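Given the structure is predicted, the values throughout are model-derived calculations rather than measurements. Protein chains get the first letters and strands the later ones, always in sequence-line order, with residue 1 at the start of each.
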Amino acid sequence: MSDTGVLDALLESGVARGELVALALDPGVGLALATATRSWAVASADPCGAVALVERGIGPRWVLWSNDTAETLARAGVRVARAFDLACAHRILEGTWAADPARVWAAANGLDAGTLPSVAPPDLFSSVGDDDGDGDEPVRRDGHLRPEWAAGAWRASPERLRRWSVLAQHAAAEQIAALGAISGRPAALATARAESAVELLCAEMTVDGLPMDRVVAEGIVAGFVGPRPRDEAAAAEERARRDAAVLRHATPGFDVDLRSSTQVRAMLRRLGIDVVDTRAARLRELEDTHPVVRELLAWRRAERVATTYGYAWLDEHLGADERFRGSWSGSDGAAGRMTASGGLHNMPAEFRPAVVAEPGHVFVRADLGQVEPRVLAAVSHDAALARATLQGDLYAAVASELGVDRATAKVAVLGAMYGQTTGHGADALRRMRRAYPVAMDYLDRAEHAAAAGRDLRTYGGRLVRFGPPPPRDDGTPEPRASVAARGRYGRNAVVQGAAAELFKRWAVTLRARGADLGAQIVLCLHDELLVHTPLEQAAPVASLLDSCLQDAAERWAPGTPTRFVADVSVVARWSDAKDASAPPDRSPASGAP
DNA sequence: TGCGGCTATTG
DNA sequence: CACAATAGCCGCAG
């Protein structure tokens, strides 16, 4: 069968837009497709091109084993609209990070993960035990995948690709049934679809990268640590010079490694400065007591850039095409937030001027306003808190409801969601309980469940595992602090996880609707989107961001009275985005009566 | 060599 | 310095 033959075969068998079509693909071998009733295999030199043909001609929902396939497609420049990602759905259902085919298959088929066969033996034909059949049979008698298939033997031939795609189609059907059966979470299937699209987006961001101006970026590094050293010796010399600037203030005769917090603390003590730790916030209070403190703070800044965000960092991640690349993950962490490696999520703000749109383009940047308390209002169905979301500044609305100032209200709201129980906020927290009992009860229940070791599900249906606390060697009960910490984690997970779900709905809605305008999402930062956009489409994309938010919220929480807001701006570089998310906090917590 | 502690950065 | 994350270096255990 030819590449175009695949499309014809699918059309002949009546596959329509949005229907599940499982895909198995290896760039050097070919591709295979499976519907619920039929399957096809093609030896092809350009399997991604064949996928593109089917995408244009039909536009199915592609069933993928994992985002590995999405990344292969993205590298070939093939963008598909819809997916059902088995690894992604597995993580939602099981609340685990590991989602390799063996585990996904086992869970989808109700097999105990504890009975998973171990890795394939070096000699495929020497395997014994309960294994059976020849190497072309992907499933063992006990129902598990054969380890060598799970490890990649499925790539060996078009016929194996075909069988692999049939298995994917079968696993998807089982997962869809399981998602539909999650009690109290009818939308879990919709969550899995949306999060599968997030996997596509992550693959695209991983491949395409973030536009960054090398000259500007290197200039920022130079501002901290000087010009790029010619060699290792020069780098060591530069390092020694930075160290000396601090050490000249220290007591002579003592050897101090500034990278060791213990030694730094000892050095400060010799100078009459006694601190419990040497964190920057603490040192800043003592800046005027001794010149060494200021020097040390400057050293820390330079050292951070030299080791983490320096020339080596740029060399590793910034490509010749002036795109900065890290690896994106769609649902890392227990609550299911997106993560990125390479420093994309924790890049110091000083580097934002280097994030520059390409010629003829701009960034349309948008961030959600006060998303976590608004999400809390939606998921807990607290009518009073939902009323507060109708105001642009939620904290101001809460403040007038509680009869406190805005800063106090903000601390109280955040404290409620993070599980703060002590401190100045105690009175405001009591007021929170009176004003928003439904939301507070929702948080309390999550906290108690987690503290007791019971699993949680987010609003969208993602399992957050807590498990029974492991038995302790000495048989003593678990420390109270540990139980309390798990409770706070649970309290926050239902809010943070739900906020992640809403944010991701927003992102994939924009990915879908902005494609025709050339809008490319290049950064996701928990509540912020950076969209690389052709100059002439800036205005339409800006308004699209807002309408996508409204639609995403309505699909995520149908009929919710909660209002969600986004601050949208059009900028040439990331740093140009003015931070107008909230009015300044007038009265600091320390000044509260 | 692996891992907990400390520190810094982001939301 | 509550909740989450990535990432680097130190110091210690194995």
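- Listed for the Arg465(A) side chain is a donor-acceptor partner under 3.5 Å among the backbone atoms of Glu94(A).
- Heavy atoms of Arg491(A) sit nowhere under 4.0 angstrom from any nucleic acid atom.
- Minimum interatomic distance between Pro353(A) and Val216(A) (heavy atoms only, all atoms of both residues): O-CG1, 3.8 Å.
- Glu501(A) and Thr191(A) are not linked by any side-chain donor-acceptor pair at a separation below 3.5 angstrom, with hydrogens and angles left out of the test.
- Atom CD in Glu285(A) sits roughly 10 Å away from atom P in dC1(C) (whole-Å rounding).
- Scanning all heavy atoms of the two residues, the minimum distance from Gly392(A) to Gln370(A) falls at O-OE1, 3.4 Å.
- A cation-pi geometry, defined here as NZ or CZ lying under 6.0 Å from the six-membered ring centre and within 45° of its normal, holds between Arg91(A) and Trp97(A).
- For the pair Arg488(A) CZ and dA2(C) P, the computed distance is 9 Å after rounding to whole Å.
- Nucleic acid contact for Met347(A): sugar-phosphate only, since backbone atoms but no base atoms lie under 4.0 Å from a heavy atom of the residue.
- A salt bridge is absent between Arg555(A) and Asp551(A): the closest approach of a Lys/Arg side-chain nitrogen to an acidic carboxylate oxygen does not fall below 4.0 angstrom.
- Computed from coordinates, the Met432(A) CE to dA2(C) P distance equals 19 Å when rounded to whole Å.
- Other residues, nucleotides and ligands contribute over 12 non-hydrogen atoms within 6.0 Å of the CZ atom of Arg352(A).
- For residues 246-254 of chain A, proximity to DNA chain C is found at no residue, defined as any non-hydrogen atom under 4.0 angstrom from a strand atom.
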For nucleotides 5-14 of chain C, give me one character per nucleotide, 5' to 3': B if any protein heavy atom sits under 4.0 Å from the base, S if the only such contacts are to the sugar-phosphate, - if neither. SBSSSSS---
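- The aromatic rings of His532(A) and Phe363(A) lie tilted to each other, with the angle between the two planes from 30° to 60°.
- Of the possible donor and acceptor atoms, one in the side chain of Arg374(A) sits under 3.5 Å from a partner among the backbone N and O of Gly369(A).
- Residue-level contact check: Arg352(A) touches the backbone only, with heavy atoms under 4.0 Å from sugar-phosphate atoms and none from bases.
- The closest side-chain donor-acceptor pair between Gln496(A) and Asn492(A) falls under 3.5 angstrom.
- The outermost nucleotides of DNA chain B lying under 4.0 Å from heavy atoms of chain A, listed 5' to 3', are dC6(B) to dG11(B).
- Closest approach of Leu200(A) and Arg511(A) over heavy atoms only: CB-NH2, 3.7 Å.
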